Amino acid sequence: MTLPETMKAMVLTGHGGVDMYHWHESWPTPKPGPDDVVVKVGACGMNNTDVNTRSGWYSKAISEATTGGAYKALNDDDPTWGGRPLAFPRIQGADAVGIVVETGSNADKGLLGKRVMIDGWTRDWSDPGNMDKTGYFGSEKDGGYAEYTMADRRDVAVVESTLSDAELATFQCSYTTAEGMLSRANATGADTVLVTGASGGVGGALIQLAKRRGARVVALASESKHEHVKKCGPDLMLPRHPANLREALGDEKVTVVADIAGGSLWPKLIDILERGGRYTCSGAIAGPMVELDLRTFYLRDLTLTGSTIIPQSVFHDVVKYIERGEIRPMLAATYPLARLREAQRAFIHKIHTGNIVVVP
C-alpha cells in the first residue's frame, strides 16, 4: 500500500499532567530506514511506564507513590525510566499490535501483510546485550499511540492467534515484565509465589506465568476485585494490605515475592519470606521509599533482585505462550485513541482489573 503523508496521533509535549497530550490529525507518518518496518496500528495497550514517564515520577526528586499527576519539581537529568532526559515531542505507547504495511530494504518482504507484536525494548544491534544502550518503545523512540508506527525489523514478531488486536495488545509490557521478574527470581514448580498488585496487568500476568511454571500462587488485591483476579488462577486470594500478613498466610510458606507495589507493606513482604527466599521487583506504585532491616536480609539468606531490562528471548517466549494458548488476555476496557486522556485517567484510578487498550 501507499502510505499517507500524515496520520492521526496522540503526542506528548512535555512532562506534566494529562493535558500534556495533544491530539493531531496531520502528524507526519514515519518513513522506514533500511532496517525498519512500518506497522498500521490495530491497538495499543496502556501501562505504568507511560504514566510515570509523562509525569516524571522516575526522577529522584519524587519520593511519593504514583499519582499520575504533575509534579512541581523534577531533576532535569533523570525524569525517565533510564535516568536520561526524554526528547519531546514524543508518541508514547509500548504495546502496539498491527499489520506490517511497509518494509525497509534490509527487512524481510514476507512480513508485509502479517500481524505483528512489537517488542518494548529497543536495542543497539551492534551490541544487543548492552543494557546501557537499550531504550524503550514509546520512550526513547516513538511508539504506538498513532495510526502508524515504526520498529526495527528485529523488534517485531509475527503472531498466529485468533485473539483480537485489543486482546493481543494486553500482553507485551505486562507479560514480558512478569516473565522477566520470575526468571530473575528463578521461580519453579517448587515455589510459592506471592504477587502484589494482582488486579493490574503485570499482577495478572505474574499469576498466570507463575502457574505456568507450576508454582503455587498467593495474590494480593482489593477485595472488590477478587472475583476478577480469580480468573487468573491463584491458589489463595488475600486483601491488598492485610492487617497481619503472616497470620493471613496461614500455613503458606512463601519462597518468592514478586512485587510491583512497594510502599508501606514492603517490610512485611520481606519478613514473611522463608529462609533462602527471593524477592523480585519491577515497580513501586504504592511508594518507592522503603525500610529494610539488614539483619533480616542477611540472617535469612535472602536474595533481592530488580528487574527492568530483559533478554530479547523473553518477548519471543511470551509470543509462543500466546500462540499455544498457555496465557490469556485480561482486557478491561478499550477506548478510541482520541480519548487517551480519559483512558489514562481510568488507568490511574485503578478501578479496572486487567489492561486498558486504545484503538486508532
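It should be emphasised that the depicted structure is a prediction, and the values quoted were computed from it without experimental measurement. These numbers come from the heavy atoms of this one structure, side chains and all, not from hydrogens, waters or symmetry mates. One-based numbering along the sequence shown.
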So if I apply the side-chain contact (heavy atoms from CB on, under 4.5 Å) rule between Phe137 and each of Asp142, Thr149, Asp152, which one comes out positive?
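The passing option is Thr149.
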Pro32 and side-chain contact (heavy atoms from CB on, under 4.5 Å): which partner among Asn106, Val37, Val38?
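Only one option passes, and that is Val38.
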Could you tell me whether the side chains of [X] and [Y] share a donor-acceptor contact shorter than 3.5 Å?
X      : Y      : answer
His241 : Ser264 : yes
Gln208 : Tyr175 : yes
Gln344 : Tyr21  : yes
Ser174 : Asn355 : yes
Thr280 : Thr305 : yes

Lys/Arg N to Asp/Glu carboxylate O, [X] vs [Y], below 4.0 Å:
X      : Y      : result
Glu140 : Lys133 : no
Lys31  : Glu5   : yes
Lys211 : Asp235 : yes
Arg246 : Asp271 : no
Lys230 : Glu227 : yes
Arg278 : Asp191 : yes

Name the one of Asp35, Asp119, Asp36 that satisfies salt bridge (charged side-chain N to carboxylate O under 4.0 Å, His left out) with Arg153?
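Filter result, single survivor: Asp35.
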Would you call Asp124 and Ser126 a side-chain contact if the rule is heavy atoms closer than 4.5 Å?
yes
